[in-house]
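Letters go in sequence order (proteins before strands), and every chain restarts at 1. Values below: all heavy atoms of this structure, side chains included; hydrogens, waters and symmetry mates excluded.
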Amino acid sequence: MQALRTTGHQGIPAVAARYRNNFLKEVEAHVEDGEWVKMCMQCGVCAGSCPFGPHWEHPPQEIFMMIRAGKRDEVLKSDAMWMCTSCYNCVVRCPRKLPITQIMHGIASYAQELGLAPKNQPTRDFSIQFWNNCTKTGRVNEMKLTVGLYFKDGLVSGIKQVMNMLPVAIGLIKAGRLNPFELISGHSPKDQKGIAAMLKKARAIEAQRAPATH
Amino acid sequence: MAKKEYAFYPGCSSQSKASAANLQTSVAAMCKTLDIKLTNIPDWNCCGASIAYAGGGELERAVMNARNFTLAAKHLPGQDIVATCAACWLNSRESKDKLDGNPQMLAQANEALKEAGLNYQGSAPVRHMVEVLIEDFGYDALKKPVVKSLAEIKFAGYVGCQTNRPFGIAGESFENPMYLDQLVESMGGEALTAYDQKVTCCGGALAFSEPDKSQKQIRDIVEAAYDQGADMLVTPCPLCQANVEVYQSEINRKQGTKFKMPIVYYSQLMAVAYGSSVKAAGLDGHIIAPTKLQQIAAKK
Ligand code: SF4
Ligand code: SF4
Ligand code: SF4
Ligand code: SF4
């Protein structure tokens, strides 16, 4: 299976026009759990919850404010959402019970779909490789995932990174926790055909999901 | 006590020769003592993990999980589904909530599942192994089979994120859950209850994509364990275990620290307390050897 999410399949001007530049409405229709954004009361609790806090260009609270203010490009092109570690700190603290983690992933995923996500964003690359890896056979092949990640920037940088992590990798192999033979064949479920067909169908349903069905 | 049976969702990282293979080994030993029978969900697939969001959409991820639930309901009817990986548990549970609570999504998921010859019509709940231990057994029952004391070992309990949030273990607080400390104490170990990085995130999947930012988190987690005089960290989470163990050497290399803090699973210390050997408790699978626990396991 090739990369599932091709970028830019929704013409950007077309989508923006459909919502008459109402970005909040667009988010509500297209972003996972986007209908929750309007519930935010700007208390700021989530802004202090992210483990990578200082590295967030705009903390979640600010993202929600910017969505309401219609700052479409600034939100979708930001690498803020890609800093989310899925730690769920914010979710358990938010007085309005917003599913903040999902919304962050949802906005990142939507930006990716529109082709607006920052290029060479390492977490974006990892996320896509992870999905492709786990859906290729139906289970994650850790060896191929690891190798793919190290070599994504080319051979030289890959080798340098591998050399740094080599003692760790050898340790894992010796400890029976990383299998070099996974490069050739890994674990996988038997019904790979069924899984592939099922995912293809799900993808097709998602692609045609009408804007207002959320 | 009668044998308890569960439909087991092992997750990718617990397969043989994968990063959490020793979790699986120790869980098997622990379950044998407690007379728990885990039957793998036949032909299970990956749950999609939180980090896959840019690759797979909401429905695709839900469908991946729905396939597992359907196989469990079909082949292991009536058995609760149990996961040992925090991420598996969280993703499955989240998907299940959505499928069970959203008729439109359910209909769409079934349309996709049809391609794999399946139909999801509900399933037993998805539970974490720790929930099974605490709710279906309880600390007193877990204490009974203890044959070796872990009294000489000081454990800092590192719960991490996803076993704790957003679902967590019923009755525990998000900021200071006590169950891991209580499990340690039930096994006769010393729980360092003042350890203050208990629920700090290690960076999770971003340990790979944002190594420097994650290693700062890991440094705090390890340093605080040293501050408390810990012999080792104990965790329920396979990704926490791998991250915190694997990256200590990187942190040492870059920052000149001398970290060598072992990190074990709750199931490993339980297996040892129940009399398992080094091998049966998966204690031969560490990069930083948990020497003190190995010594107790090796004692006759
Ligand atoms: S914690 Fe909730 S209500 Fe407060 S700013 Fe964040 S999202 Fe809004
Ligand atoms: S889940 Fe994401 S958004 Fe929420 S606190 Fe953690 S990093 Fe921040
Ligand atoms: S979350 Fe990780 S361990 Fe769990 S099934 Fe998915 S890839 Fe495997
Ligand atoms: S691996 Fe890290 S990010 Fe994941 S649950 Fe454990 S502490 Fe949280």
Side-chain angles (χ1 to χ4, degrees), chain A residues 3-5 32 51-52 55 83 85-89 91-93 101 105-106 108-109 112 117 122-132 134-135 138-140 142 149 164-165 167-168 171-172 175-179 182 187 189-191 194-195 197-203 205-206 209 213, chain B residues 12-13 15-22 43-46 48-60 62-64 67 104 108-109 111-118 161-162 164-166 168 174 200-201 203-206 208-210 213-214 217 242 246 249-250 253 284-287:
Chain A
L4 285 159
R5 296 216 132 181
E32 180 171 351
F52 294 172
H55 303 283
M83 293 292 142
T85 62
S86 311
C87 75
Y88 290 82
N89 252 331
V91 173
V92 300
R93 290 179 185 165
T101 314
H105 296 343
S109 168
Q112 163 68 16
T123 300
R124 186 192 77 118
D125 296 347
F126 180 64
S127 171
I128 293 166
Q129 286 217 31
F130 191 97
W131 175 256
N132 290 343
C134 85
T135 50
R139 288 184 201 163
V140 167
E142 291 179 333
L149 284 162
N164 281 340
M165 289 304 285
V168 168
L172 279 170
R177 286 165 57 189
L178 188 67
N179 182 1
E182 271 201 351
H187 299 276
K190 281 194 258 16
D191 190 20
I195 294 173
M198 159 190 107
L199 285 171
K200 199 172 151 212
K201 185 78 188 173
R203 180 91 218 109
I205 299 172
E206 277 205 329
R209 211 192 281 199
T213 53
Chain B
C12 306
S13 62
Q15 301 176 88
S16 76
K17 297 264 167 88
S19 58
N22 54 342
D43 213 38
W44 62 271
N45 56 256
C46 173
S50 318
I51 191 60
Y53 56 81
E58 190 180 6
L59 184 62
E60 290 162 281
V63 161
M64 293 282 278
R67 181 174 177 276
Q104 192 198 349
Q108 291 178 336
E111 215 184 313
L113 275 176
K114 212 166 112 198
E115 300 286 322
L118 299 170
C161 314
Q162 296 194 342
N164 186 40
R165 298 181 298 262
F174 295 123
T200 301
C201 177
L206 276 66
F208 227 118
S209 51
E210 296 281 4
K213 299 181 184 83
S214 301
Q217 300 293 113
V246 163
S249 64
E250 272 289 283
R253 187 175 65 82
D284 53 352
H286 288 267
I287 293 165

Check: Gly168(B), Ala109(B), Ser214(B): which one forms the most heavy-atom pairs within less than 4.5 Å of chain A?
Finding: Ser214(B)
Next item on the list: Between chain A and each of Glu115(B), Gln217(B), Lys114(B), count heavy-atom pairs under 4.5 Å; write down the option with the most.
Entry: Glu115(B)
Note to self: So, using side chain to side chain donor-acceptor pair (under 3.5 Å) as the criterion, who are the partners of Lys201(A) when residues are at least two apart?
What the structure shows: none
Next item on the list: Over all heavy atoms of both residues, which pair between Thr85(A) and Cys201(B) is shortest? Give the atoms and the distance, please.
Entry: OG1-SG, 3.3 Å
Next item on the list: Identify which part of Glu111(B) has an atom lying under 4.5 Å from any heavy atom of chain A, answering side chain, backbone, both or neither.
Entry: both
Margin query: Holding to side chain to side chain donor-acceptor pair (under 3.5 Å), I want the full list of residues that pass it with Glu210(B), two or more places apart in sequence or in another chain.
Written below: Lys213(B)
Checklist line | Asp191(A) backbone acceptor or donor facing Asp43(B) side chain under 3.5 Å | finding: yes
Note to self: In the structure I gave you, are the side-chain heavy atoms of Leu206(B) and Phe52(A) within less than 4.5 Å of one another anywhere?
What the structure shows: yes
Check: Which heavy-atom pair separates Ala112(B) from Ile205(A) by the least distance, and what is that distance?
Finding: N-CD1, 4.4 Å
Notebook entry, point to check: Do Arg165(B) side-chain atoms and Val91(A) backbone N/O form a donor-acceptor pair below 3.5 Å?
Noted result: no
Next item on the list: State plainly whether the residues Arg203(A) and Glu60(B) are in salt-bridge range, i.e. N to O under 4.0 Å.
Entry: yes
Next item on the list: List the atom of Val63(B), the atom of Ala202(A), and the distance in Å for their closest heavy-atom pair.
Entry: CG2-CB, 4.1 Å
Next item on the list: For residues Met198(A) and Arg67(B), report the shortest heavy-atom separation together with the two atoms involved.
Entry: SD-CD, 3.8 Å
Next item on the list: Using the side chain to side chain contact (heavy atoms under 4.5 Å, CB included) rule, take Arg93(A) and Phe174(B) through it: C-alpha gap first, then chi angles, then the decisive distance, then the call.
Entry: CA-CA 9 Å; Arg93(A) 290 179 185 165; Phe174(B) 295 123; over 6 Å; no
Notebook entry, point to check: Once you round to the nearest 0.5 Å, how far does CG of Leu59(B) lie from CG of Leu199(A)?
Noted result: 9.5 Å
